[in-house]
Amino acid sequence: MGDDDSIFFVENWVKVLEKYDESKYVYVGGHSESLISNFYFSFDQGFGGAGFALSLPLVEAMVKDLDGCLERYPYLNSADTITQYCVDEHGISLSAERGIHQIDLQGDISGFLSSHPQSPLLSLHHLDMVDPIFPSMDRFQSTTHLMKAAESDTSRLLQQTICHHRQTNWSFSVSWGYSVHIYEKLLSRSVLKRPLETFGPWLKAKPPLYLFNTRWPPFSNPCDAPHVFFFESVDRSGRNEQIVSTYVRASPRGMPSCLSSGNHSADNISKVRVFSPVTKLVEVTSNNKS
């Protein structure tokens, strides 16, 4: 179940749901990125805008007394929360998947998308409420552009890969099919996994605002500021059986090079090419079937 203003990556849903035993009661969904949204509604519900899934045995059990369940909670005014309460009556808790995105954020969400966890991308909600996700494109063009990458390899889409080039002391953060960040400094994975807070909160509230840690641009220190490249194109190399995705510089960074890590400037880099195998990316996870 999900809203009609969301993008669902069906192939990834199918692969993710294979982890679960469809003969048992299963409730799969995602949290809101906004702490206050989870507080207002529930930390234990799947937010329906981004979508949730119920196994057939669970649905069959729920419909036997669905009217009774609705009558027991007349004070609830959210369909998602009502669903959670009715699921709770059958002793089942939410199985949260990190690739389900409510996008309860505002403004420029490029920092959020550029640090996507290593989990299959399942959905993107509220894209009509935030800035276009690619520069120099409107919302429709941006969505169409992202789907070009998805058509080549949905399994890798947005998933973050972090690596380092020791000779230059550079750090690379690749959000496949979306962006590449180059830092002129060796930064730990623990730092780079935190999204750049290019976005704002869904609702006004006091900190903490999100369910995750962030980093706070703009940076005055050139060692902390990334060179940003966005997805341009994707192609397949027949000889090597590889997928080649290309990313172009968004704009000049406008800062000096990082002196403390050797003064190796990345200003002359205009494009980045990422080579990946044509085989689908396999999610590393425990098996929930029993």
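Atoms considered below: every heavy atom in the structure, side chains included; atoms not considered: hydrogens, waters and symmetry mates. Note that this is a predicted model, so its numbers are computed, not measured.
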A.B. asks: Cut-off 3.5 Å, side chains only: do Ser123 and Ser6 have a donor facing an acceptor?
C.D. replies: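 There is no such pair (donor and acceptor under 3.5 Å, judged by atom type) between the side chains of Ser123 and Ser6.
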A.B. asks: Can you get from Ile243 to Phe172 by hopping between Ile, Leu, Val, Met, Phe, Trp and Tyr side chains that sit under 4.5 Å apart?
C.D. replies: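 Ile243 and Phe172: one cluster.
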A.B. asks: Report yes if the side chains of Lys19 and Glu97 come closer than 4.5 Å at any heavy-atom pair, otherwise no.
C.D. replies: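 They are in contact (side-chain heavy atoms under 4.5 Å apart), so the answer is yes.
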A.B. asks: Under the side-chain hydrogen bond (donor to acceptor under 3.5 Å, both in side chains) rule, what pairs show up with a residue in residues 128-151, not counting sequence neighbours?
C.D. replies: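 Non-adjacent pairs meeting side-chain hydrogen bond (donor to acceptor under 3.5 Å, both in side chains): zero.
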A.B. asks: Going by heavy atoms in the side chains, are Tyr178 and Leu121 under 4.5 Å from each other?
C.D. replies: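 No, every pair of side-chain atoms sits at 4.5 Å or beyond.
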A.B. asks: Taking ILVMFWY side chains as joined if any heavy atoms are under 4.5 angstrom apart, and letting links pass through other members, which residues group with Val14?
C.D. replies: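 Besides Val14, the hydrophobic cluster comprises Val10, listed by chain and residue number.
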A.B. asks: For a 4.5 angstrom cut-off between non-hydrogen side-chain atoms, does Phe112 reach Leu158?
C.D. replies: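 Side-chain contact under 4.5 Å: no.
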A.B. asks: Classify the ring geometry between Phe231 and Phe134 as parallel (under 30°), tilted (30 to 60°) or perpendicular (over 60°).
C.D. replies: tilted
A.B. asks: Are any of the side-chain heavy atoms of Leu186 and Arg166 separated by less than 4.5 Å?
C.D. replies: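 Side chain of Leu186 against side chain of Arg166, heavy atoms only: contact under 4.5 Å found.
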A.B. asks: Treating His164 as the side-chain partner and Leu187 as the backbone partner, does any N or O pair qualify as donor plus acceptor under 3.5 Å?
C.D. replies: yes
A.B. asks: Hey, quick one: are Val274 and Val244 part of the same hydrophobic cluster, counting side-chain heavy atoms closer than 4.5 Å, chains of contacts allowed?
C.D. replies: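 The answer is no; the residues belong to distinct hydrophobic clusters.
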A.B. asks: Please enumerate all residues that pass side-chain contact (heavy atoms from CB on, under 4.5 Å) together with Val130, with sequence neighbours excluded.
C.D. replies: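 Val130: side-chain contact (heavy atoms from CB on, under 4.5 Å) contacts with Ile103, Ile109, Leu127.
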A.B. asks: Quick one about Ser32 and Asp104 (side-chain donor to acceptor, distance below 3.5 Å, no hydrogens or angles considered), yes or no?
C.D. replies: yes
A.B. asks: With sequence neighbours left out, what residues match Ser265 under side-chain contact (heavy atoms from CB on, under 4.5 Å)?
C.D. replies: Glu184, Ser257, Asp267
A.B. asks: Can you tell me if Met129 has over 12 outside heavy atoms packed within less than 6.0 Å of its CE?
C.D. replies: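 It does not: Met129 CE has 12 such atoms or fewer within range.
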A.B. asks: Looking at residues at least two apart in the chain, or sitting in another chain, which of them share a side chain to side chain donor-acceptor pair (under 3.5 Å) with His165?
C.D. replies: Gln167, Thr168
A.B. asks: Could you tell me which residues satisfy side chain to side chain donor-acceptor pair (under 3.5 Å) with Tyr40, sequence neighbours excluded, listed by chain and number?
C.D. replies: none
A.B. asks: Could you check whether any side-chain heavy atom of Phe47 comes within less than 4.5 Å of a side-chain heavy atom of His101, counting everything from C-beta outward?
C.D. replies: no
A.B. asks: Could you pull out all donor-acceptor pairs under 3.5 Å where a side-chain atom in residues 206-214 meets a protein atom, sequence neighbours excluded?
C.D. replies:
unit_1 : atom_1 : unit_2 : atom_2 : d
Thr214 : OG1    : Glu197 : OE1    : 2.6
Thr214 : OG1    : Trp216 : NE1    : 3.4

A.B. asks: Using modelled atom types only, decide if a donor and an acceptor are shared between the side chain of Asp224 and the backbone of Phe219 within a distance under 3.5 Å.
C.D. replies: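 No: the side chain of Asp224 does not pair with the backbone of Phe219.
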A.B. asks: So, using side chain to side chain donor-acceptor pair (under 3.5 Å) as the criterion, who are the partners of Ser110 when residues are at least two apart?
C.D. replies: Asp108
A.B. asks: Are any of the side-chain heavy atoms of Trp176 and Ser245 separated by less than 4.5 Å?
C.D. replies: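 Touching, per the 4.5 Å side-chain cut-off.
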A.B. asks: Please tell me if the side chains of Ser37 and Gln102 come closer than 4.5 Å, counting only heavy atoms from C-beta onward.
C.D. replies: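 No, side chains not in contact.
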A.B. asks: Would you check if there is a donor-acceptor pair between the side chains of His125 and Asp5 at a distance under 3.5 Å?
C.D. replies: yes
A.B. asks: Applying side-chain hydrogen bond (donor to acceptor under 3.5 Å, both in side chains) as the test, list every pair that has at least one member in residues 44-65; sequence neighbours left out.
C.D. replies: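 Every side-chain hydrogen bond (donor to acceptor under 3.5 Å, both in side chains) pair that includes a residue of residues 44-65, provided the two are not neighbours, is Gln45-Thr81, Asp65-Arg72.
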A.B. asks: Could you pull out all residues at least two apart from Arg249 that satisfy salt bridge (Lys or Arg N to Asp or Glu O under 4.0 Å)?
C.D. replies: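 Arg249 satisfies salt bridge (Lys or Arg N to Asp or Glu O under 4.0 Å) with no other residue.
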A.B. asks: By the rule that ILVMFWY residues connect when side-chain heavy atoms come within less than 4.5 angstrom, directly or transitively, which residues belong alongside Ile92?
C.D. replies: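 Joined to Ile92, directly or through intermediates: Met1, Tyr25, Tyr27, Phe52, Leu54, Leu58, Val59, Met62, Val63, Val87, Leu94.
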A.B. asks: Can you confirm if the aromatic rings of Tyr247 and Phe230 lie within a centre distance of less than 6.0 Å?
C.D. replies: no
A.B. asks: Between the main-chain N or O of Arg253 and the side-chain N or O of His227, is there a donor-acceptor pair closer than 3.5 Å?
C.D. replies: no
A.B. asks: Distance from Leu281 atom CG to Leu157 atom CG, nearest 0.5 Å?
C.D. replies: 11.0 Å
A.B. asks: Are Glu22 and Tyr20 packed together at the side-chain level, in the sense that at least one heavy-atom pair is separated by less than 4.5 angstrom?
C.D. replies: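 Glu22 vs Tyr20: side chains apart.
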A.B. asks: Tell me, which pairs form a side-chain hydrogen bond (donor to acceptor under 3.5 Å, both in side chains) where one or both residues lie in residues 152-161, sequence neighbours left out?
C.D. replies: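 Sorted result for residues 152-161: Asp153-Ser155, Asp153-Arg156, Gln160-Ser173.
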A.B. asks: Is it the case that more than 12 heavy atoms not belonging to Phe39 sit under 6.0 Å from its CZ atom?
C.D. replies: no
A.B. asks: Strictly by modelled atom types, are Gln84 and Asp80 linked by a side-chain donor-acceptor pair under 3.5 Å?
C.D. replies: no
